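Please read all numbers here as calculations on a predicted model, not as lab measurements.
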Amino acid sequence: MYNETIKFSLWCDFLERDFINSEFIDLIKNKTINGATSNPAIFKSAICESMAYSAMKEDYKKKSPKDLYEILATSDIKVAANKLLTNYANGDDGFVSLEVDPNLYDDSEGTYKEGKKLFNAIKMPNVMIKVPATKDGYSAMKELIKKGVSVNATLIFSVDQAKKCLDAFEEGSKAFAKRWPNSPLPKGVISIFVSRFDRLLDNVLKAAGIEAGKYGIYNATKAYKLIEERGLSNVRALFASTGIKGDELEPDYYIKELLYPNSINTAPLSTIKEFIKTSHEPKEIPSDSSISEFFNSCKNAGIDYDEVCQKLLDDGLDAFCKAFDEILKSLQ
């Protein structure tokens, strides 16, 4: 764990075969990271651009594109999970996440079945199945947790999404505990996306005289507080989309500003490298009143919170679906 005093974890939001067998090991050994995440965009970059997959592509070239993708992705996830297994065994996170086909975002049963299929194919206890936080996704999350599969709820933009994830995790955990009262509960993380708010809204905020680079921080803080107040022992807040595009903010801004107790930050490799150059003190959590004041100012500037969250969710689903489809196209 990066900061054991406040139980703050740093996970790497990047996986690629050569990296997993080299620098990834050092980052774990040096206690820089204790977990990892992936998504369709990350695997698109890895599978389509890295030569490390050539031999396996050739070996399984008669497979359908989706079957071949699953072979490649689950192979990487299994190797990464093995590298993190000591962390997991010691209660120091040690999870690696793999996302279901994002095109199933409106198919509850399909999401659940694919999640179980991927989990069973990897056969590692420290794998989290990543599920988009949609109406059908919540149901699949509950069923996966109920069956003992740890879940990473992804693409959370609104506080309402975070609440619905908490409800799903709590219901699933209760059902699991009722059936297996002596077994540890499966884990859940709620991945709150941060930087995309600021990339969308900063110019509008500046024009209205409102501080830029804060919308994502304050929104993530609201969701974090909700998660902490619910107090589910097997669920933590995870801050995602914490990389920087452009040079207006420091490269590790979204890690430093969200250095909160009992939280996880998953960040791109370059962001992690920048963050670990110096030591950092835990961040004081903004008060409810300061957050409310900020959002009232944004509302008065014409920013509709629900509309913004829905747009970002739609854009996120679209981007992940396109990335996934491009992977399959490249494997034809």
Are more than 12 heavy atoms from other residues, nucleotides or ligands located less than 6.0 Å from atom [atom1] of [X]?
| X | atom1 | value |
| --- | --- | --- |
| Arg230 | CZ | yes |
| Glu70 | CD | yes |
| Lys225 | NZ | yes |

Is it the case that the side chains of [Y] and [X] hold a donor-acceptor pair, with the cut-off being a distance below 3.5 Å and no angle test?
| X | Y | answer |
| --- | --- | --- |
| Asp306 | Gln310 | no |
| Ser290 | Ser287 | yes |
| Thr266 | Thr37 | yes |
| Ser64 | Asp67 | yes |

The criterion is ring pair (Phe, Tyr, Trp, His ring centres under 6.0 Å); which residues satisfy it with Phe169, sequence neighbours excluded?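 Applying ring pair (Phe, Tyr, Trp, His ring centres under 6.0 Å) to Phe169 gives none.
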Are [X] and [Y] within salt-bridge range, i.e. N to O under 4.0 Å?
| X | Y | value |
| --- | --- | --- |
| Asp101 | Lys66 | yes |
| Glu248 | Lys206 | yes |
| Asp93 | Arg236 | yes |
| Lys277 | Glu274 | yes |
| Lys329 | Glu326 | no |
| Glu143 | Lys113 | no |

Verify same cluster id: Trp180, Leu232 (apolar side-chain graph, 4.5 Å):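 No, Trp180 and Leu232 fall in different hydrophobic clusters.
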Verdict with supporting geometry, Phe324 and Tyr69, ring-ring contact (aromatic ring centres under 6.0 Å, His included): CA-CA 9 Å; Phe324 194 85; Tyr69 162 76; 5.0 Å; yes
Does the side chain of [X] reach to within under 4.5 Å of the side chain of [Y], using non-hydrogen atoms?
| X | Y | value |
| --- | --- | --- |
| Ser38 | Phe14 | no |
| Val189 | Trp11 | yes |
| Leu238 | Asn265 | no |
| Phe239 | Thr242 | yes |
| Leu205 | Ile303 | yes |
| Leu15 | Asp76 | no |
| Asn152 | Val131 | no |
| Asp13 | Thr271 | no |

Pair Ser173, Asn234 - check side chain to side chain donor-acceptor pair (under 3.5 Å), show working. CA-CA 9 Å; Ser173 296; Asn234 59 327; 2.9 Å; yes
According to the side-chain hydrogen bond (donor to acceptor under 3.5 Å, both in side chains) rule, which pairs have a member within residues 80-90, sequence neighbours left out?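 Pairs touching residues 80-90 that pass the test: Asn87-Asp92.
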Can you tell me which residue pairs pass the side-chain hydrogen bond (donor to acceptor under 3.5 Å, both in side chains) test with a partner in residues 195-204, sequence neighbours excluded?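 Counting only pairs at least two positions apart or across chains, the side-chain hydrogen bond (donor to acceptor under 3.5 Å, both in side chains) contacts touching residues 195-204 are Ser195-Arg199, Ser195-Ser241, Asp198-Tyr254.
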Applying salt bridge (Lys or Arg N to Asp or Glu O under 4.0 Å) between Glu171 and each of Lys146, Lys178, Lys142, report the one that passes.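 That would be Lys142.
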Using ring centroids (six-membered ring only for Trp), state whether [Y] and [X] fall under 6.0 Å.
| X | Y | answer |
| --- | --- | --- |
| Phe320 | Tyr105 | no |
| Tyr260 | Phe8 | no |
| Tyr215 | Phe295 | yes |
| Phe275 | Tyr2 | yes |

Where is the tightest heavy-atom contact between [X] and [Y], given as atom of each residue plus distance?
| X | Y | result |
| --- | --- | --- |
| Tyr305 | Ser158 | OH-CA, 3.3 Å |
| Ser150 | Ile145 | CA-CD1, 4.5 Å |
| Ala153 | Met141 | CB-CE, 3.6 Å |

Rounded to the nearest 0.5 Å, how far apart are OG of Ser45 and CD of Glu16?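 Between Ser45 OG and Glu16 CD, I get 8.0 Å after rounding to 0.5 Å.
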Quick one, Lys147 with Arg179, criterion side chain to side chain contact (heavy atoms under 4.5 Å, CB included). Give me CA distance, side-chain angles, the key distance, then yes/no. CA-CA 10 Å; Lys147 296 297 184 181; Arg179 186 170 182 183; 4.0 Å; yes
